[in-house]
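Below: one structure, written as structure tokens.
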Amino acid sequence: MTGLIVPAAPAAAAPAGRAPAPIAWGQCAAADLTGVPEAERPQFSCGHYAVPLDHDRPGRGTINIALMRRAANNPDAKIGSLFLNPGGPGGPGYTMPRSGRNIFEPEVLDRFDLIGFDPRGVARSTPLRCFATEEDADEVFGRMHPLPVTPGEESTTLKAYKDYGRFCGRFAGPLLEHMSTKDVARDLDLLRAAVGDRKLSYVGFSYGTLLGATYVNMFPNKARAIILDGNVDPTLRLRDGLEYDRQRTGGFELALNAYLQRCDEDPDCAFGPNARAKFTRLHDHLREAGPVTLPDGTVVTEADVIGSTASVLYNPVQFGPFAEALQEVYEVAFPSTSARRAAPTVDVAALFAEPRRSADIHPDAPYVSDDSYAAVNCSDKPFDIRPSDVPRVADRWERQMPDFGRYLAWNDPAVCPVWPVRDPDPYRGPWNRRTETPVLVFGNYYDPATQYEFSRRMSRQLGNARLVSVDAFGHCILGDSSCTDRIAADYLVDLEVPRPGTVCQPDVQPFPTPVESRN
């Protein structure tokens with residue numbers, strides 16, 4: 001039933017003045033509770049809820065939203081439900097109550113039901129799928145170069161994106177026209193009412209900050225406590241997708257430069273000294289001389305290094321091991337000029353492994369992924385360019401941002417101009433509707449994917465917000481800083497906000513030497 005669009009059901013909407021039908025919670029599948037102790041499993045329940053395919057025309061049928069709930073430890077003192085969104089867009093949030101056990105303070109777990117859900121188009125909810133078979137998907141995605149450099153690679157990739165758009169227009173069905181963040185915010189309001197909460201308590205990470213900002217501006221009187229961690233710039237994202245993505249790319253450049261500088265300050269960092277110059281030299285070598293082959297036979301390309309670097313910047317825990325991996329590749333690329341170090345203690349090949357689709361798919365194997373990432377982004381973000389403009393955009397971004405400019409130009413700027421939805425109807429503002437309680441905004445100084453400046457802009461654009469800055473690397477912070485976790489708990493439980501100008505530290509710095517020297 002989760003993949004079907006069915007005639008409107010009573011749960012999708014309620015007559016004016018009448019409460020919507022509640023969610024029918026039931027037992028979760030055992031596989032969905034992996035890692036949850038047996039004694040805690042009775043607190044978890046799962047279910048589906050029908051929402052309109054088209055909120056403006058609910059008679060067109062419904063789609064299903066899949067949800068998981070972890071009941072509050074102290075139901076007699078329960079405040080309500082805390083809805084969670086992991087970002088993406090298209091990130092499945094269904095199992096977030098599992099991870100929430102390790103993110104939130106005990107008093108939050110005591111007094112809130114944690115609720116995760118897969119948004120429309122995603123995973124266990126009614127999925128948006130552009131292909132009928134895995135074979136078709138592999139044929140299209142397999143022609144997309146992750147980092148096109150030559151005219152031939154650019155041409156092949158552009159044709160593959162064009163074919164992707166054609167498949168989506170042919171197979172995705174009516175859901176394709178209703179995948180904007182505005183649609184998800186309206187779903188979220190129905191889910192809030194269905195669990196019996198008068199106002200919404202919510203934590204959104206990354207893209208989930210756009211969902212939260214959209215909700216508080218569409219439903220400002222229904223927002224109780226809204227936490228946004230790792231923020232987008234909502235105005236720029238909804239008005240100019242190309243400029244938003246260019247500035248987003250700049251966040252990766254800022255984070256990498258800070259990482260390499262911090263590496264140089266720590267004598268134990270394997271890629272120092274002169275980490276910045278070494279990274280540039282390695283990047284240039286991979287572009288001009290081609291891939292290098294490690295002693296174990298692993299071939300490392302320019303796309304492998306740039307893609308893996310972008311991924312590692314999300315997670316500071318990997319900073320030290322990744323420095324070892326970079327040093328290993330550098331020593332292979334420049335054997336005559338490098339002072340050999342001890343053998344790396346990490347799996348270098350694994351750190352540079354890019355996820356690849358299998359080339360051996362049975363022709364009749366059904367396509368089981370979803371295409372919600374592109375569907376949401378291309379509904380929300382306007383791109384006033386043609387596909388033929390993308391190579392020039394990539395050239396320009398590379399001159400401005402030599403590490404990631406070309407790599408990230410071949411993402412949304414390449415797919416959205418050929419996306420088959422011509423007249424999307426996203427929420428484009430205003431963003432300054434005032435909520436009774438300030439929205440709590442967290443921003444890391446060295447967040448690669450949603451740079452700190454975006455969090456500053458989010459806090460200024462919202463009608464009532466409080467920014468907490470964090471002197472941290474990585475994407476998002478809750479669960480990795482006792483300071484932010486304490487602030488979040490006080491806010492969620494008691495609606496207390498920290499003083500203006502509050503700055504937190506992470507619990508663990510990736511390279512401790514400079515931090516220790518400052519204390």
Can you list the steps and then say if L175 with R120 is a side-chain contact (heavy atoms from CB on, under 4.5 Å)?
CA-CA 9 Å; L175 181 56; R120 60 170 54 212; 4.1 Å; yes
Please name the residue in the list F454, Y452, F473 that meets the ring-ring contact (aromatic ring centres under 6.0 Å, His included) test with Y445.
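Testing each of F454, Y452, F473 against Y445, the sole residue satisfying ring-ring contact (aromatic ring centres under 6.0 Å, His included) is Y452.
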When you look at D118 and I65, which way does the side-chain contact (heavy atoms from CB on, under 4.5 Å) test go after all the steps?
CA-CA 6 Å; D118 288 348; I65 305 297; 5.9 Å; no
Within the 4.5 Å heavy-atom criterion, are [X] and [Y] side-chain neighbours or not?
X	Y	result
Y202	I227	no
V441	R466	no
C269	D264	no
H55	D187	yes
Y314	D447	no
P424	S180	no
L211	Y215	no
Q247	R457	yes

Rounded to the nearest 0.5 Å, what separates atom [atom1] in [X] from atom [atom2] in [Y]?
X	Y	atom1	atom2	result
L238	Y244	CG	OH	10.0 Å
L242	C416	CG	SG	10.5 Å
M458	R237	CE	CZ	9.5 Å
F442	C504	CZ	SG	6.5 Å
D480	D507	CG	CG	7.5 Å
T309	F404	OG1	CZ	5.5 Å

Restricting to non-hydrogen atoms, name the atom on [X] and the atom on [Y] that form the minimum distance, rounded to 0.1 Å.
X	Y	value
D412	K381	OD2-NZ, 2.7 Å
P295	E328	CD-OE2, 3.6 Å
C378	V415	SG-CG1, 4.0 Å
V439	I226	CG1-O, 3.4 Å
G204	T209	O-CG2, 3.6 Å
P220	R433	CG-NH2, 3.4 Å

Between [X] and [Y], is there a donor-acceptor pair closer than 3.5 Å when you use the side chain of the first and the backbone of the second?
X	Y	answer
S308	D304	yes
S459	R456	yes
T214	L210	yes
D380	T181	yes
T133	P366	no
S379	A375	yes
D229	L478	yes
D233	L236	yes

Both conditions, 6.0 Å and 45 degrees, for the charged tip of K278 above the ring of F271: are they met here?
yes
Think R129 forms a cation-pi with F171, using NZ or CZ under 6.0 Å from the six-ring centre and within 45 degrees of its axis?
no
Working for salt bridge (Lys or Arg N to Asp or Glu O under 4.0 Å), residues D389 and R386:
CA-CA 5 Å; D389 296 327; R386 298 167 298 180; 3.4 Å; yes
Assign the ring pair F322 / Y259 to parallel, tilted or perpendicular, where the plane angle (0 to 90°) is split at 30° and 60°.
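Aromatic pair F322/Y259 classed tilted.
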According to the interplanar angle, ranging from 0 to 90°, do the rings of F141 and F131 count as parallel (below 30°), tilted (30 to 60°) or perpendicular (above 60°)?
perpendicular
Is the CZ atom of R239 crowded by more than 12 outside heavy atoms at less than 6.0 Å?
no
More than 12 heavy atoms of other residues, nucleotides or ligands under 6.0 Å from CG of D384: is that the case?
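Not more than 12 within 6.0 Å, no.
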Hey, is [X] close enough to [Y] for a salt bridge, meaning N to O under 4.0 Å?
X	Y	value
D245	R248	no
K182	D425	yes
R281	E288	no
D163	R143	yes
E154	K159	no

Is there a donor-acceptor contact under 3.5 Å linking the side chains of [X] and [Y]?
X	Y	answer
Q451	N444	no
H475	S206	yes
D371	Y164	yes
Y207	T450	no

Please step through salt bridge (Lys or Arg N to Asp or Glu O under 4.0 Å) for the pair E398 and R287, ending with a clear verdict.
CA-CA 13 Å; E398 185 172 43; R287 170 70 61 85; 2.6 Å; yes
Pick out which of D485, T484, V468 makes a side-chain contact (heavy atoms from CB on, under 4.5 Å) with I477.
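Filter result, single survivor: T484.
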Can V312 and F319 be said to form a side-chain contact (heavy atoms from CB on, under 4.5 Å), step by step?
CA-CA 7 Å; V312 165; F319 280 14; 3.8 Å; yes
Verdict with reasoning, R406 to E153, per salt bridge (Lys or Arg N to Asp or Glu O under 4.0 Å):
CA-CA 13 Å; R406 176 170 295 275; E153 291 172 344; over 6 Å; no
Report the C-alpha separation of Q461 and N432 in whole Å, then their side-chain angles, then the decisive distance to 0.1 Å, and conclude whether the side-chain contact (heavy atoms from CB on, under 4.5 Å) test is met.
CA-CA 6 Å; Q461 290 170 33; N432 60 356; over 6 Å; no
